Amino acid sequence: MEQSMENLLQIKNLSKSYYGNPALKNIDLTVEAGEIHGIVGANGSGKTTLMNILFGNPVIEETGGYQGEIYFAGRRIDLHSCAEAIRQGIGMVHQEFALIPDMTVAENIKLGREKTVAVTERLLGRSYSFVDTRQDRIRAEKTLQKLDIELDAGIKVMDLSINLKQFVEIAREIDRADLKLLILDEPTSVLNKNDGIHLLKILQDMAARGIGILFISHRLEEIHQVCHRVSVFRDGELVSRYDQGGFSVNDLARDMIGYIVSKAAAEKRNITRRPVISFEHFSVNMPGEEIRDLALSVYQGEILGLTSLSGHGKLALGYGMMGMYPVSGSVTYENETLARINARANIIKGMYVLPDDRHNLGILADQSLQENIIFTANQIKGKFSLNSFFRSLGLLDRRQAKLHVEKMIRDFDIKCTSADQKVKELSGGNQQKVCIARALTVEPRLLFVAEPTRGVDIAAKEKILNMLIEINRSQGTTIIIASSELDELKRVCDRIAVMVEGKVFKILSPNASEVEFGLALSGEEEVRYA
């Protein structure tokens, strides 16, 4: 059946259920060539399911398929694999990266479009010809330069920071000459404000060339800024649709949640300057996020923010304390100089690191919510064991564990069928809540948190920030939050350390002006005139 070419994408009466639970209900949606169409909704509202259908994710067919009709470029399509979607001219930047860690940056960007050595292609045919790795590397680096990223494309993806992985994923898609529709699932969630603004400009340039863009984001100000139209999802239904200029950020927030969300804010106070942890000449060799010769003291009971532009080191501190990258220098924790960095020993001592890369480091995807939430506390601290005698046998007090997990599900409003549901079946935002619930279950005295609200909807974001404030105030937990979200840090932190080129450039009060923060992030001092 042919369809008019007025719309690049047209969706009619699209519905999808998982094991009897509706995820999408009779969705009608169109995207024109050259349009940036925003998709917003709370976690679990159906956004990810829609994207999975449009990109041919096998999980859709494995769970019974979908009902409804999809037309693309004038023809009805029924995609059964991601490869089919790519052949149609559909690309996707995933919230959880679809990169091959053991391959280089260039190999990931050029995968399937490699430049071959002409002589071998003529003699052997393309399928058996040699790849011109030098040319692929040069071309991949040129594509990255369009994103203002200077990066050695010969580095393996596994060695990159998460923000650089995001740029590589975006570069892979914009490198395609046949791209007609680009699906973006939270593409700016790992980026700071400046990098996010640059990416939005790139998307506007792509739309001007006739590429259709489906843009999912919890950053509603970005949606307001660049989208020609916006569709709002709630509980699997399309509840409202707006044209550019016809809505406010508050309109979107209200429609997403069904009510106005109050922003979390911590009361400002004076902190006793007694260090709980101090770093001297501390370095972390994390590619793309190196820390160099860090000097920093974190005070007992405070919430300290760490912020920086991408690649300047804010994310490396937690990873260094997990022992994931080589470190050097001195660390003193509760008046004890740590001889070496060991993640297990640090947890026993009262530290816990919540990484920003939840997909690879934060969740046990094939395990249940209960197993994810209690795993670390049970394995390392013996919580939820029947008693000390049975601990060595690994016997669990299932009633105590279940009560705790059900409380966490309620407190964080984790959308799930039960505590026994596999975490991989949850939306990205709900997976993030599970990670934070696990961290709180360990009951740390010092908590490192990296990008805690990344990929989380506006209501869950404020709930998470309030929970961090609550455990800080009620339990005295010292918290270090590494985040690109300066507005959030200013609302919850006692101090904010701005990092430049792997060092603390300046420590500011959360009440400091936007100008002061802007100058500090750029590595410049404010000029004062007499």
Side-chain angles (χ1 to χ4, degrees), residues 55 82-83 86 91-117 126 129-179 182-192 194-196 198-199 201-203 205-206 284-292 308-316 319-320 324-326 355-361 450-451 454 484 501-502:
F55 199 59
C82 299
I86 291 169
M92 183 166 180
V93 174
H94 300 76
Q95 185 177 357
E96 308 298 352
F97 304 128
L99 299 171
I100 303 173
D102 281 325
M103 293 176 68
T104 67
V105 169
E107 288 168 337
N108 272 275
I109 291 174
K110 303 301 292 186
L111 186 63
R113 303 183 301 279
E114 297 87 352
K115 169 71 174 173
T116 57
V117 178
R126 180 170 174 83
S129 61
F130 297 135
V131 173
D132 190 335
T133 54
R134 179 176 173 276
Q135 282 299 313
D136 274 357
R137 186 167 171 174
I138 291 171
R139 293 180 181 192
E141 288 175 355
K142 285 183 177 178
T143 300
L144 286 164
Q145 286 167 6
K146 295 178 184 177
L147 299 169
D148 279 351
I149 296 296
E150 295 291 337
L151 179 65
D152 179 357
I155 295 174
K156 286 189 175 182
V157 163
M158 69 171 62
D159 294 325
L160 298 181
S161 63
I162 194 166
N163 61 307
L164 286 176
K165 289 178 183 176
Q166 180 71 87
F167 279 117
V168 172
E169 178 121 353
I170 294 166
R172 182 194 63 212
E173 298 305 322
I174 69 172
D175 188 68
R176 291 176 51 185
D178 63 343
L179 187 65
L182 179 59
I183 302 169
L184 296 152
D185 191 0
E186 298 286 351
T188 61
S189 65
V190 300
L191 306 179
N192 62 43
N194 289 340
D195 289 335
H198 181 66
L199 177 58
K201 177 64 169 62
I202 290 169
L203 298 183
D205 291 343
M206 293 174 69
V284 181
N285 188 21
M286 178 179 177
E289 277 285 317
E290 293 91 349
I291 287 178
R292 305 178 183 91
S308 72
L309 300 179
S310 295
H312 285 258
K314 68 178 178 294
L315 299 176
Y319 283 110
M324 288 192 63
Y325 296 96
D356 60 328
D357 188 357
R358 69 166 176 266
H359 185 66
N360 291 309
L361 301 173
E451 304 289 1
R454 174 179 294 158
S484 305
E501 296 181 351

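Nothing here was measured: the structure is a model prediction, and the numbers come from that model.
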Closest approach of [X] and [Y], non-hydrogen atoms and distance?
| X | Y | result |
| --- | --- | --- |
| S484 | K314 | OG-CE, 3.3 Å |
| N108 | I100 | OD1-N, 2.8 Å |
| P287 | Y325 | CD-CE2, 3.9 Å |
| A153 | A140 | CB-CB, 4.1 Å |
| L144 | A171 | CD2-CB, 3.8 Å |
| Q166 | E186 | OE1-O, 3.8 Å |

Would you mind reporting whether [Y] and [X] have side-chain heavy atoms less than 4.5 Å apart?
| X | Y | result |
| --- | --- | --- |
| L164 | E289 | no |
| D185 | M92 | yes |
| V284 | E290 | no |
| L160 | L151 | yes |

In chain order, what residues pass the side-chain hydrogen bond (donor to acceptor under 3.5 Å, both in side chains) check against [X], with sequence neighbours excluded?
| X | result |
| --- | --- |
| D152 | R137 |
| E107 | T104 |
| E173 | R176 |
| K201 | D205 |

Tell me, please, which residues at least two apart from [X] pass side-chain contact (heavy atoms from CB on, under 4.5 Å).
| X | value |
| --- | --- |
| M206 | I174, L179, L182, I202, L203, R209, I211, I213 |
| I138 | R134, Q135, K142 |
| A450 | L315, D356 |
| M158 | P101, D102, K156 |

(message) Which residues pass the ring pair (Phe, Tyr, Trp, His ring centres under 6.0 Å) test with Y319, not counting sequence neighbours?
(response)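 Checked Y319 against ring pair (Phe, Tyr, Trp, His ring centres under 6.0 Å); zero matches.
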Euclidean distance, [Y] [atom2] relative to [X] [atom1], rounded to 0.5 Å:
| X | Y | atom1 | atom2 | value |
| --- | --- | --- | --- | --- |
| F167 | L199 | CZ | CG | 7.0 Å |
| R172 | L111 | CZ | CG | 8.5 Å |
| D159 | N285 | CG | CG | 9.5 Å |

(request) Could you walk me through whether M103 and V157 pass the side-chain contact (heavy atoms from CB on, under 4.5 Å) test, one step at a time? (result) CA-CA 6 Å; M103 293 176 68; V157 163; over 6 Å; no
(request) For H312 and E501, indicate whether the former's side chain and the latter's backbone hold a donor-acceptor pair under 3.5 Å. (result)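 At least one qualifying donor-acceptor pair exists.
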